[in-house]
Amino acid sequence: MKSLRKARLRRARGRRRLTVVLALLTALFGTVLAASAAPAGQPPPRPDLTVPVAGLNKVGLADWAKAQLTADTRRRTTPPGPVGKILSGVTDTVRRLLQAAAPASTSTLVLYDTAGPYGYLGELYAMATANLGGHFGTVTAKPVSQYTAGMLGQYTATVYLGSTYYGGDLPDAVPPALYQDVLASTKPVVWAGDNIWNMGNAVGVAQFTQKYGWDPTTSYFSDGGSIGTVTQVTYGGQALTRKIPDGQDGGVLRPNVLTGAGYPPVTTVAEALDSSTGKTFPWAVRSANLTYLGEIPFAYVSESDRVIAFEDMLFDALAPGTATQHRAMVRLEDISPDSDPAQLKTMADYLYSQHIPYGINVIPVYTDPKGVYNGGTAQTVTLAQRPQVVSALRYMLARGAVLMEHGYTHQYGSVDNPYTGVTGDDFEFYRAHVDAGNNVVYDGPVAEDSALWAQSRVTAGLTAFTLAGLPRPLLWTTPHYAASATDYRVFGQNFGARLERSLYFAGTLTGGTADPNRFIGQFFPYVVNDVYGTKVLPENIGNYEPVEINNHPPRLPADLVASAKANLAVRDGFASFFYHPYYPLQPLIDTINGIKALGYTFVSPAAL
């Protein structure tokens, strides 16, 4: 018994190396996640949730940023030539289409760029936007080049993501009809990023400024020759972070707001801080039917990031009557047949005493195929073989817990993927390796990946629960949040919802083959129906992690509470986190008390 306790303590030391934060700011350029080297004789770190859940994979933003700023400088310094024919007024037919009532259910049209060397960015950003739109109702996503006159009128609101800078050698791919329809319509339009200046020129600067009160043709990404260092966005009374590495920042467009007679008022919806000068300027403005954001906020995000502002702004366009409420969720993570029943009961007693419902993420089979933690002897244990653990799980279920399946074995075969091959350490549905720079690199789906293979894992896991006499889990969380598009669809077919962060692969919107090497990771502040057709419950403030890992600071209760505070900017949002029950109870108590003090009410994952 003493040796078993020692083994658990050794595993716990490894597990204390887990973190979610590492994925948040290193997600570009090869999906790297730093992993600290373990001292000799001790297990390597267990890299929990090591997917780039808040950024882009294998996307060259340095080159994109350079191209964008070069084009913007050329636009500033090149005298305007003949504008050409200003777009004429809309026809009666188009006017009727624009004024037509949208469908009874809330609907969103997402338009995105596909042209130019960085055209692939458009689909990634569109998937992220479509997922958010899935909170409100149906979503239709189209390349902007497919827009036709009057289409705005068919939807509750439209979002255009300007990720390709049109001008110079790259002709404008936005149909003139979109420019004209935005000006003529009263339907809400959210425009993020590039090409708003092309609309100004197309419809006429005078017409644009008279309706919207600012001049996009004299608005630029730089001020005094520099984009500055924009580090903060203030929205809804919350100071949100903006952390873009040097050389990756394409800047934030600074609207030239006009004052005086003849110009309507412009509302600053969110304000950016340039910390290099101390100056502030509008990060997002609204007038008439147009809300404009000076950037697309999906790169290099974190739990307290300015993307929160965009997530809430969609309520103004799609559900302005939404009442304010703030809900919280907690789940206990990486419970397996190897878990300590006493620790589980301690957590259950505390949560029950506070009347807090919670999720329990259970891995039904524990395996150590190389005996890494078992003296070199292979070991596999099922729930049915650990009646004390099963008894603890029943104890938790009787006290407000919701049973969730967290993979089948939470590891892959008998190989290091990328660490030890042991349950809880490694990926199950995705391959990864550690490079020479000690970074975890995502290699793609496992070799046998298919709908049949993924279903076999899910079915085997469900069978293990049944054999242990436990009920069928209600929800699913993907091990380390990483799987293929095929796998995610299988999970959605077996469970009512996933509670997690997810990867979304290029090719998904177009109906083509998903590109396993190019994807965007995303987490949500509210429940969404994503582009895989699955309900996804939010996990948006991360987890407790007491140690520093590769220059990433610890994530303590105060950090989780700070992220919960930032998410108060979302009028109907969540503060959802997870906690490993092998840690002491006190940090969980501190986190829950801090979140409660902000006005959040804890709810059950099963209620969503």
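Bear in mind the structure is a predicted one, so any value in this text is a computation, not a measurement.
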>> Tell me if the OH atom of Tyr350 is crowded by more than 12 foreign heavy atoms within 6.0 Å.
In response: yes

>> Can you confirm whether Gln354 is buried at CD, in the sense that more than 12 heavy atoms of other residues, nucleotides or ligands lie under 6.0 Å from that atom?
In response: yes

>> Tell me which one of His135, His326, Arg327 satisfies side chain to side chain donor-acceptor pair (under 3.5 Å) with Asp572.
In response: Arg327

Are [X] and [Y] within salt-bridge range, i.e. N to O under 4.0 Å?
X      : Y      : result
Asp530 : Arg498 : yes
Arg431 : Asp449 : no
Asp416 : Lys370 : yes
Asp316 : Arg286 : yes
Arg501 : Glu303 : yes

Roughly how far, to the nearest 0.5 Å, is the [atom2] atom of [Y] from the [atom1] atom of [X]?
X      : Y      : atom1 : atom2 : value
Asn529 : Phe136 : CG    : CZ    : 12.0 Å
Leu344 : Tyr582 : CG    : OH    : 12.0 Å
Met347 : Ile589 : CE    : CD1   : 8.5 Å
Arg399 : Arg394 : CZ    : CZ    : 13.5 Å
Phe429 : Leu503 : CZ    : CG    : 13.0 Å
Glu311 : Phe524 : CD    : CZ    : 9.0 Å

Side chains of [X] and [Y]: does their closest heavy-atom pair fall under 4.5 Å?
X      : Y      : result
Ile595 : Phe602 : yes
Phe574 : Pro525 : no
Thr108 : Thr156 : no
Arg306 : Thr241 : no
Leu132 : Phe310 : yes
Leu474 : Leu403 : no
Tyr488 : Thr478 : yes
Val446 : Tyr412 : yes

Is [X] reaching over with its side chain to a backbone N or O of [Y], donor-acceptor style, under 3.5 angstrom?
X      : Y      : result
His406 : Glu333 : no
Thr267 : Val269 : no
Ser456 : Trp453 : yes
Arg386 : Thr382 : no
Gln232 : Leu273 : no
Glu500 : Tyr481 : no
Asn494 : Phe491 : no
Thr268 : Ala270 : no
Asn417 : Ala432 : yes
Ser484 : Asp487 : yes

>> Test ring-ring contact (aromatic ring centres under 6.0 Å, His included) on Tyr544 and Tyr579; report intermediate values, then the result.
In response: CA-CA 6 Å; Tyr544 169 73; Tyr579 194 85; 5.5 Å; yes

>> Val301 vs Ile308, test: side-chain contact (heavy atoms from CB on, under 4.5 Å). Steps then yes/no.
In response: CA-CA 9 Å; Val301 304; Ile308 292 170; over 6 Å; no

> Step by step, would you call Thr423 with Val365 a side-chain contact (heavy atoms from CB on, under 4.5 Å)?
Replying inline: CA-CA 8 Å; Thr423 290; Val365 174; 6.0 Å; no

Can you name the closest pair of heavy atoms from [X] and [Y] and give their distance?
X      : Y      : answer
Thr477 : Leu499 : OG1-O, 2.8 Å
Gly413 : Pro369 : O-CG, 3.5 Å
Asn131 : Gln522 : ND2-OE1, 2.9 Å
Ala384 : Leu467 : CB-O, 3.9 Å
Leu462 : Pro473 : CD2-CD, 3.6 Å
Pro418 : Val434 : CB-CG2, 3.8 Å

Indicate whether any N or O donor in one side chain lies under 3.5 Å from an N or O acceptor in the other, for [X] and [Y].
X      : Y      : value
Glu539 : Ser576 : no
Asp312 : Tyr235 : yes
Asn361 : Asp334 : no
Gln379 : Asp368 : no
Ser563 : Arg555 : yes

>> ring-ring contact (aromatic ring centres under 6.0 Å, His included), that's the test. Do His580 and Phe578 meet it? Break it down for me.
In response: CA-CA 7 Å; His580 293 91; Phe578 62 93; 5.7 Å; yes

> Can Leu568 and Gln238 be said to form a side-chain contact (heavy atoms from CB on, under 4.5 Å), step by step?
Replying inline: CA-CA 8 Å; Leu568 288 172; Gln238 302 299 326; 4.1 Å; yes

>> Ring centroids only, cut at 6.0 angstrom: are Phe315 and Tyr526 within range, meaning strictly under it?
In response: yes

> Within 45° of the ring axis of Phe495 and under 6.0 Å from its six-membered ring centre, is that where the NZ or CZ of Arg472 lies?
Replying inline: yes

> Hey, does the Lys NZ or Arg CZ of Lys243 hover above the aromatic six-ring of Tyr300, less than 6.0 Å from the centre and inside 45° of the axis?
Replying inline: no

> Passes side-chain contact (heavy atoms from CB on, under 4.5 Å), Ile356 versus Ile592? Steps please.
Replying inline: CA-CA 9 Å; Ile356 294 176; Ile592 286 177; 3.4 Å; yes

